[in-house]
Amino acid sequence: MGSTGLLHLICLVIALVSVSLVQAEDAYKYFTWTVTYGTLYPLASPQQVILINGQFPGPRLDLVTNENVILNLINKLDEPFLLTWNGIKQRKNSWQDGVLGTNCPIPPNSNYTYKFQAKDQIGTYTYFPSTQLHKAAGGFGALNVYHRSVIPIPYPNPDGDFTLLVGDWYKTNHKTLRQTLDSGKSLAFPDGLLINGQAHSTFTGNQGKTYMFRISNVGLSTSINFRIQGHTLKLVEVEGSHTVQNLYDSLDVHVGQSVAVLVTLNQPPKDCYIVASTRFTETPLTTTAVLHYANSFSSALGPVPAPPVDKYDFDWSMKQARTYRWNLTANAARPNPQGSFHYGKITPTKVIKLANSAPLINGKLRYAVNSVSYVNPDTPLKLADYFNIPGVFSVNLLQNSPSNGPGYIGTSVLQTSLHDFIEVIFQNNENTMQSWHLDGYDFWVIGHGFGQWTDASRKTYNLVDALTRHTAQVT
């Protein structure tokens with residue numbers, strides 16, 4: 001073969017390799033999970049819990065940015081079951097997000113295969129059951145998305161990684177709790193707090209090393225405050241947003257939220273308390289775990305580090321939330337995490353004001369948004385929309401602004417248009433902390449305030465480095 005022919009062959013091989021590299025898909029991970037009941041002792045007394053592959057909490061789902069998940073879920077419960085992937089963005093993939101309206105629950109003795117991608121994400125997330133109050137019995141777990149080696153992160157790789165699922169817990173069976181709500185009553189106060197499904201647990205590290213603690217509130221209704229005896233918490237990530245790395249003695253984590261902190265074991269070798277306690281409750285609940293220095297021969301000693309001074313200090317919690325800032329100099333899962341625009345320079349095309357309330361409707365306590373208490377239809381909303389099925393939902397019930405009228409029941413949908421840039425105001429007129437979640441996507445949290453929102457409130461907005469989150473608290 002002549003030199004010219006050899007050169008053509010080499011060029012052809014290089015071209016084929018280049019094409020194959022361009023067309024290569026991101027990695028796939030395959031899972032089979034089976035959901036069953038089991039009997040455990042989370043708070044020292046036997047109770048029925050929901051297990052996934054025999055585990056409570058369920059298996060930790062560890063992914064790398066852009067990996068694809070094929071997960072076959074087999075439901076062995078006696079009622080339909082549905083999981084949601086809390087914080088995973090479902091771009092043009094909403095039928096995988098695991099909530100009513102876009103997904104049908106998996107019937108007993110049936111299975112469903114979830115297919116989704118952790119596209120352009122790095123961070124701390126969770127999964128949990130989204131229907132039938134199953135979350136009160138378990139079925140939740142951690143979902144962590146790690147960075148690819150080619151993507152830099154704005155801190156040194158930690159020497160270890162601990163995941164802590166913290167939440168309130170009831171000894172009462174979830175079906176009984178559900179009946180309480182269905183009868184028009186409020187849930188009672190929880191019986192305790194758990195960390196990773198246990199009342200007591202231990203995390204071991206080496207002196208002088210730095211560890212990442214991934215903390216998620218997987219409870220039903222109660223905010224928690226998290227702290228570690230004798231150690232500061234360096235906040236580095238909130239629900240997929242790399243943050244300005246401020247130091248904190250403790251952090252408030254509200255229902256559905258996740259944060260990641262770096263903790264350096266810089267104390268003399270000893271065991272220290274890890275503490276979680278309820279916030280804004282008349283009777284505080286506290287649970288402890290142990291941070292064990294590998295070379296320690298000393299047990300953790302009191303006093304347990306105290307929470308913020310005033311248990312009803314919403315102002316303290318709000319001020320802390322305002323210190324969370326997006327690290328604009330850091331890469332996220334892709335070089336430009338803000339896309340082709342900056343949120344602060346876009347004029348909203350629609351403003352939506354949502355006010356929650358707790359009216360009595362037909363003699364029962366119900367929760368409502370802009371006076372409408374939502375009821376789920378038999379036909380999923382996406383199917384009704386796609387096939388133009390009339391009478392399933394209404395776009396006229398839920399208005400863009402709160403109503404002072406009485407509460408009523410309906411299947412309400414708010415309409416928006418493609419490429420709308422929306423400003424949403426959450427107005428909490430109740431005396432409890434509320435969590436608002438956007439399933440399958442995220443949003444910029446640009447302002448917190450007390451009292452009634454007015455146009456003047458826009459002067460306090462952070463239009464520079466607000467975080468994107470999937471769950472925001474409203475005092």
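What you see is a predicted model, and the numbers here were worked out from it, not measured in a lab.
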*Please list, chain by chain and in numerical order, all residues satisfying side chain to side chain donor-acceptor pair (under 3.5 Å) with D442, sequence neighbours excluded.*
K89
*Is the Y211 to F213 ring centre distance short of 6.0 Å?*
no
*Not counting sequence neighbours, list each pair that qualifies as a salt bridge (charged side-chain N to carboxylate O under 4.0 Å, His left out) and has a residue in residues 127-136.*
none
_Whether D191 and K171 form a salt bridge (side-chain N of Lys/Arg under 4.0 Å from carboxylate O of Asp/Glu) is what I want to check._
no
_P308 and R279, any side-chain heavy atoms less than 4.5 Å apart_ = yes
_I'd like to check P80 versus Q132 (side-chain heavy atoms, cut-off strictly below 4.5 Å). Are they in contact?_
no
_Is there a side-chain contact between Q473 and S223 in this structure, where contact means two heavy atoms from C-beta onward sitting under 4.5 Å apart?_
no
*Could you tell me if the ring centre of W33 sits under 6.0 Å from that of F81?*
no
_Heavy-atom check, side chain of V49 versus side chain of W169, under 4.5 Å_ = yes
*Under 6.0 Å from the six-membered ring centre of F203 and within 45° of its axis: does the NZ or CZ of R214 meet both?*
no
*Angle class for the Y28/Y30 ring planes (parallel below 30°, perpendicular above 60°, tilted otherwise)?*
parallel
*With ring centroids as reference points, do F56 and F140 lie under 6.0 angstrom apart?*
yes
*Are the side chains of F226 and N217 in touch, meaning some heavy atoms are under 4.5 Å apart?*
no
